Amino acid sequence: MSTAQHAELFAPPAQFGSAKADSRKNLIGLDRAELADELKAIGQPAFRARQLWHWVYFRGATDFAAMTTLSKDFRAELAKHYVIDRPSIVVDSQSIDGTRKWLLRFSDGQEVETVHIPEEDRGALCVSSQVGCTLTCRFCHTGTQRLVRNLSSAEIIGQLMLARDAVGEWPSPPDGRLISNIVMMGMGEPLYNYDNVAKALRIVMDGEGIAISKRRITLSTAGVVPMIRRCGEELNVNLAISLHATNDALRDRIVPINKKYPIAELMDACRNYPGLSNARRITFEYVMLKGVNDSPADARALIKLIAGIPAKVNLIPFNAWPGAPFECASDEAIAAFSDIVFNAGYASPVRTPRGRDIMAACGQLKSESVRKRKAERGAPLPAA
Ligand code: SAH
């Protein structure tokens with residue numbers, strides 16, 4: 001299936017909104033040009049779009065009445081036609097390590113998860129791009145969820161707006177932001193929903209709004225090769241590749257998109273990713289699966305594969321989920337693997353699992369309702 005067909009098949013509903021059953025349009029997710037068009041349509045001068053932008057994306061206002069620099073009449077007019085909406089929160093869970101996961105619901109009842117991973121002086125928000133995922137990577141829980149549709153730009157940026165509401169970051173503090181980085185590593189394959197992801201990220205990067213720079217945004221893909229270059233040229237964000245295997249036979253099996261875009265093509269796309277330098281590297285993600293891809297020989301094959309690419313390797317201890325057909329590699333195997341990669345000149349950090357107790361770690365996301373429906377049919381619930 002082409003990526004265009006993909007986008008069409010899995011299109012989100014036209015209008016994003018939470019439970020509000022009214023016909024007013026949500027302003028979230030609109031870019032500057034679209035905001036100006038909306039204002040024109042209600043007979044307002046286009047220059048007011050800039051003021052509105054400021055309130056929506058810099059101040060995080062959700063109520064037109066609070067927009068005190070706008071005239072009363074204008075505010076009333078806006079409230080007649082529009083809302084500034086967030087997705088609704090179904091579950092808000094907090095891990096013992098501070099990781100927080102929201103299960104969010106959209107107007108059509110579909111749900112995704114968003115995860116905040118705080119660190120001492122910064123924090124990342126792991127954002128979803130689709131409801132479910134079509135990729136069916138064997139080690140990933142999200143891939144076992146059947147229903148899939150793309151998220152709209154409103155639904156993508158809505159996750160960030162809601163998280164910033166929750167941590168109280170309107171407007172952005174000058175430094176030490178709790179949400180300083182965005183990782184497009186939640187549910188879904190962002191490069192199968194490129195247009196909506198790109199639109200949302202452009203809003204995120206806008207210097208007069210949320211203003212998170214491209215250096216602090218990472219898009220992770222399982223390897224939608226034809227979209228990688230475009231992502232680099234148009235968005236120029238950091239790229240992460242979910243590699244996980246160093247030969248096609250194994251990668252075909254555990255990351256099935258490899259059958260369509262095999263390793264050699266993927267590596268070519270990585271070598272040609274615009275703007276690469278020593279200061280700007282590709283991250284190769286590699287999930288450590290016991291007896292599958294965790295041997296010293298695998299580590300050496302990995303080094304060969306990425307030779308010449310400014311790269312770092314992120315080793316991810318496998319996070320288990322109920323019924324998962326793999327086990328996590330041993331600490332010793334992970335340390336030995338990391339040493340081999342490091343000694344070849346690549347940073348090779350082992351990703352500390354975060355939020356495992358609330359099923360918020362990499363590969364564990366799957367909306368609660370799906371788990372509940374399974375539980376009703378008699379399948380065991382994950383320990384939370
Ligand atoms: N579809 C994109 C975005 C999802 S990112 C992609 O594949 O890159 C989610 C990351 O977590 C990916 O690197 C994925 O391979 C990894 N992952 C999935 N399941 C995992 C698990 N059970 N344990 C550890 N990492 C996992």
Side-chain angles (χ1 to χ4, degrees), residues 3 6 10 99 101 112-115 117 124-145 148 150-151 156 159 181-194 196-197 201 217-225 227-228 231 237-246 250-251 253-258 260-261 266 269-270 282-290 292-294 302 312-329 334 337 349-356 358-366 382:
T3 46
H6 233 279
F10 303 117
T99 301
K101 181 175 82 170
V112 298
E113 293 178 322
T114 306
V115 179
I117 307 139
L125 191 73
C126 182
V127 173
S128 292
S129 57
Q130 297 183 307
V131 174
C133 188
T134 54
L135 294 176
T136 64
C137 299
R138 292 292 168 260
F139 45 82
C140 183
H141 199 206
T142 306
T144 65
Q145 187 174 325
V148 179
N150 281 334
L151 297 187
I156 294 166
Q159 297 170 61
N181 292 58
I182 303 288
V183 292
M184 294 303 303
M185 294 188 184
M187 301 166 76
E189 168 50 54
L191 294 187
Y192 273 157
N193 186 18
Y194 178 77
N196 293 339
V197 167
L201 290 182
I217 298 175
T218 301
L219 183 146
S220 180
T221 178
V224 186
V225 167
M227 299 305 293
I228 288 178
C231 173
V237 294
N238 300 309
L239 183 69
I241 300 286
S242 294
L243 188 62
H244 309 315
T246 56
L250 177 60
R251 200 164 188 271
R253 192 153 70 76
I254 64 176
V255 186
I257 195 182
N258 193 70
K260 202 161 178 190
Y261 307 116
L266 179 57
C270 289
I282 290 185
T283 302
F284 288 96
E285 297 165 276
Y286 194 95
V287 62
M288 297 297 292
L289 305 171
K290 184 181 236 158
V292 176
N293 65 356
D294 63 344
L302 176 58
K312 86 176 209 191
V313 175
N314 225 328
L315 298 175
I316 317 178
F318 170 65
N319 293 306
W321 38 273
F326 298 105
E327 275 176 74
C328 184
I334 297 176
F337 196 108
V350 179
R351 188 181 289 172
T352 317
R354 299 286 303 267
R356 270 182 175 172
I358 54 165
M359 289 287 285
C362 301
Q364 292 186 312
L365 300 186
K366 180 164 179 172

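When a residue number appears, it is its place in the shown sequence, counting from 1. Both counts, for ligands and for their atoms, begin at 1 and track the order of listing. Fair warning: this is a prediction, and the values are worked out from it, not measured in the lab.
- Remark: ligand 1 atoms within the under-4.0 Å shell around heavy atoms of Gly186 are 4 (C).
- Of all the atoms in ligand 1, the ones that sit under 4.0 Å from a non-hydrogen atom of Asn319 are 21 (C), 22 (N), 23 (N), 24 (C).
- Residue Ala222 has at least one heavy-atom neighbour below 4.0 Å for each of these atoms of ligand 1: 6 (C), 7 (O), 8 (O).
- The side-chain contact (heavy atoms from CB on, under 4.5 Å) test with Ile282 is passed by exactly one of Ile241, Leu243, Val313, Asn238: Ile241.
- A heavy-atom distance below 4.5 Å is not found between the side chains of Pro190 and Ser220.
- Residue contact annotation: His141 has no non-hydrogen atom under 4.0 Å from ligand 1.
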* To do: Check the pair Leu151 / Val131 against side chain to side chain contact (heavy atoms under 4.5 Å, CB included), numbers first and verdict last.
  => CA-CA 7 Å; Leu151 297 187; Val131 174; 3.7 Å; yes

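- Using cut-offs of 30° and 60° for the angle between ring planes, the His244 and Phe139 rings count as perpendicular.
- Of all the atoms in ligand 1, the ones that sit under 4.0 Å from a non-hydrogen atom of Val287 are 23 (N), 24 (C), 25 (N).
- Looking from atom 5 (S) of ligand 1 to the surrounding protein, the closest heavy atom is Met185 O, 3.4 Å.
- Distances from atom 19 (N) of ligand 1 to the heavy atoms of Ser242, Gly363, Ser128 show the closest one on Gly363.
- Among protein heavy atoms, the minimum distance from atom 10 (C) of ligand 1 is reached at Glu285 OE2, 4.0 Å.
- Between Ala324, Cys362, Cys140, Ala361, it is Cys362 that holds the heavy atom closest to atom 11 (O) of ligand 1.
- Near His244, meaning under 4.0 Å from one of its heavy atoms, ligand 1 places the atoms 13 (O), 14 (C), 15 (O).
- Using a 4.0 Å cut-off to heavy atoms of Trp321, the atoms of ligand 1 that qualify are 22 (N).
- Considering backbone and side-chain atoms together, Gly188 places an N or O closer than 3.5 Å to an N or O of ligand 1.
- For ligand 1, the atoms lying closer than 4.0 Å to a non-hydrogen atom of Ile316 are 24 (C), 25 (N).
- Side-chain contact check for Thr221 versus Leu239: some heavy-atom pair is nearer than 4.5 Å.
- Polar contact check, Pro190 against ligand 1: no nitrogen or oxygen pair lies under 3.5 Å apart.
- Defined by atom type and a distance below 3.5 Å, a donor-acceptor pair is missing between the side-chain atoms of Glu189 and Ser129.
- No option in Thr218, Val127, Leu125, Val115 other than Thr218 meets the side-chain contact (heavy atoms from CB on, under 4.5 Å) test with Val183.
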* To do: Evaluate the side chain to side chain contact (heavy atoms under 4.5 Å, CB included) criterion for residues Phe337 and Val350: first the C-alpha distance (whole Å), next the side-chain angles of each, then the deciding distance (0.1 Å), finally the verdict.
  => CA-CA 10 Å; Phe337 196 108; Val350 179; over 6 Å; no

* **Arg138 vs Thr136, side chain to side chain contact (heavy atoms under 4.5 Å, CB included): CA-CA, chis, key distance, verdict** => CA-CA 6 Å; Arg138 292 292 168 260; Thr136 64; 3.7 Å; yes

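- Using a 4.0 Å cut-off between heavy atoms, Thr221 contacts ligand 1 through its backbone alone, with no side-chain atom that close.
- In terms of polar-atom proximity, defined here as any N/O pair under 3.5 Å, Met184 makes no such contact with ligand 1.
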* **Steps toward side chain to side chain contact (heavy atoms under 4.5 Å, CB included) verdict (Val197, Tyr194)** => CA-CA 5 Å; Val197 167; Tyr194 178 77; 5.7 Å; no

